[in-house]
Number of protein chains: 2
Amino acid sequence: MATINDVAIKAGVSTATASRALNGKSTVDPALAARVLSAAAELGYQPNGPARNLRRQETAVLALIISDVENPFFTSIARGVEDVAQAVGYSVVLCNSDESPEKERRYIDVAIQERVAGIVLSPTGTATNVDLLTARRTPLVAVDRALPSAEADMVLVDTRSAAKQATTHLITQGYERIGCVTGPAGIPTADDRLAGYKDALRAAKRRTPAKLVRRSEYRSDGAYEATIDLLNSPDRPDALLVANSTMAIGVLEALSTLDLRLGKDMGVVAFDDAPWAQLVDPPLSVVSQPAYDIGKAAAQLLLARIANSSLAYTTTTLSATLITRGSSTR
Amino acid sequence: MATINDVAIKAGVSTATASRALNGKSTVDPALAARVLSAAAELGYQPNGPARNLRRQETAVLALIISDVENPFFTSIARGVEDVAQAVGYSVVLCNSDESPEKERRYIDVAIQERVAGIVLSPTGTATNVDLLTARRTPLVAVDRALPSAEADMVLVDTRSAAKQATTHLITQGYERIGCVTGPAGIPTADDRLAGYKDALRAAKRRTPAKLVRRSEYRSDGAYEATIDLLNSPDRPDALLVANSTMAIGVLEALSTLDLRLGKDMGVVAFDDAPWAQLVDPPLSVVSQPAYDIGKAAAQLLLARIANSSLAYTTTTLSATLITRGSSTR
DNA sequence: CTGAAAGCGCTAACAG
DNA sequence: CTGTTAGCGCTTTCAG
């Protein structure tokens, strides 16, 4: 594999000049630069990234560690990050922690070892440990879920008030016994959405019976089981707030299993406007989160911090939007 | 940031010994090794990846370049690749080419420059150029879509015969005028599925009117437009074969816009068993592809080739399964 | 079993 | 504007 030295020899210059020419430094005689460039092209020269990174002590790579590649919410974030990063010449590598603190931990290690310029992370939960990152002053932006330590920028969604709003909507629509299917305790979004749900019931002077709440992993099969269990309980709810779109799939499957009509027998509002939300009958009411914008904002913050590490840490909170469709109307 | 030299000094040994101990070489006095390890822990030592990679002239990183992160088919492949790679200590970085040959090209360059150990690629189409890779003998496995050059392993699906089978099913169900909504010309899967569709019509001695075929990008909005156009044409079909699940969303939206009943007015079979396929009413008939297994097989082939570059190139073809549900029954 | 020393490919002082 | 040279942090001969 051709090295910069090969290019230099072929162009009849020193490696330093070759390097300068290849990197577009202005301080090179145009004629020499042209020779270098064509020599490089002829040899099919590709710079050696590790060598360059070692020497420069920096890389133009961002790591994006997300908790579930199969969730459209996170892939939208990924596109936001990617678009911003690409525009300024950074590459993005995507890592899937799969809601597993160990995998997350391993990817954080890899990111440190590869000396990425910065990390966008959706923490798996309270077990997330970013001490390594803060100790090393690796730029970090947390998305979707807050980090206990404030040593990072964060881009969040006002998920609690959105949950409250969605629940209030269900109340207004005349549902009497509203339940909630949410994610595991310890995941901020799961807890916040549950809290918002309770806020709404409290504001409406309703009791908030623990019997109407179920938790499971953020997965459709878990949500299916949880919903079946909930709907078979003596005090079956007549509406549900569901904490994400993956879970919504399980919930809707459960309704189908039990032959309950969406909207009429069971009002449903779910977080995340999945691509299929309007295909079910009646269409699914959702809390739409600005996933792409989250990714964009996160990448911008990260790049800003890479450029200037002394910036104050910020928390950006974006708004979610309730979109009411047929599934929450009788 | 602590280097291996700091660790060595703290442990009172040479960097060579520190390196050996850290890498678990057997030829180190256990007592010294222990000293090194604890020194490393105290200093929070993290190896410098670029330096190691530079010296070793190899990395334990695989690149996975897929054409659409938002398509569940590709994210399933990603999980397959990841599970196999993780198990043997390789990391996987995911790159989203977004069906764009330029982005794909850029990511291939990045992968070469970072000297990844190997690449799993779902080519964007005929424009894909892997000459750089073959010239450098970078191990490469193509998934989902064949590469013209045979200088790579491939893991494919018998998509043409699956398309034929699906179309034959629609014929058997009594649909008279079967159309096809597929992807852009030049993308092998789009062309193969169309070819399989034609195979079936020919086998049934039916004419294959070009009027019943529409192409668009592999996206829901494109498929929506294409379907509206198709269904507004004088010879509206009464059934459709749809080339992937992203397009299926657009097709189903179009049916809804035109107030056509799925199954009854318009039979539909789509490729890919998306998570939501059973939620629509009636449930969507699909051609289910073994995406996770594709990823697994691809990673295994890639690792085998990394270990032994002289292996013969292979093409693995997995089978897709037709799953008939309500959307293809009157 | 351990240490000294070389060198992976590149960039950035520093001279000229 | 160009060349020489040092060295990024690590692994790996090669001696001892």
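If you're wondering where the values come from, they're calculated on a predicted model, not measured in any experiment. Lettering follows sequence order; numbering is per chain, from 1.
Residues Ile187(B) and Glu99(B) are in side-chain contact: their nearest non-hydrogen atoms beyond the backbone lie under 4.5 Å apart. Proximity of Phe74(B) to Asp144(B): side-chain heavy atoms (C-beta onward) are separated by under 4.5 Å at one or more points. Thr128(B) has its side chain out of reach of Arg145(B): every pair of non-hydrogen atoms, C-beta onward, lies at least 4.5 Å apart. For the pair Leu140(A) and Leu147(A), the minimum side-chain heavy-atom distance is below 4.5 Å. Contact of the Arg305(A) side chain with the Tyr313(A) side chain is registered, since non-hydrogen atoms from C-beta on lie closer than 4.5 Å.
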Sugar-phosphate or base contact per nucleotide [nucleotides 2-9 of chain D; S, B, -; heavy atom under 4.0 Å]: BBB-BBBB
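The span of DNA chain C lying next to chain A, judged by atoms under 4.0 Å from heavy atoms, is bounded 5' to 3' by dG9(C) to dA13(C).
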Check against side chain to side chain contact (heavy atoms under 4.5 Å, CB included), Arg115(B) and Asn48(A): CA-CA 7 Å; Arg115(B) 304 296 196 258; Asn48(A) 183 315; 3.6 Å; yes
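Ion pairing between Arg219(A) and Asp68(A) fails under the 4.0 Å rule for side-chain N and carboxylate O. For Asp6(B) and Lys10(B), the salt-bridge test fails: no basic side-chain N is under 4.0 Å from an acidic carboxylate O.
Asn23(B) comes within contact range of the sugar-phosphate backbone alone, with a heavy-atom separation under 4.0 Å but no base atom that close.
Residues Ser67(A) and Tyr218(A) bring no donor and acceptor atom of their side chains to less than 3.5 Å of each other.
The side-chain contact (heavy atoms from CB on, under 4.5 Å) with Val141(A) is formed by just one residue from the set Ile294(A), Leu302(A), Leu62(A); it is Leu302(A).
Relative to the axis of its first five pairs, the axis of the last five pairs of the helix from dC1(C)-dG16(D) to dG16(C)-dC1(D) sits at 40°, rounded to 10 degrees.
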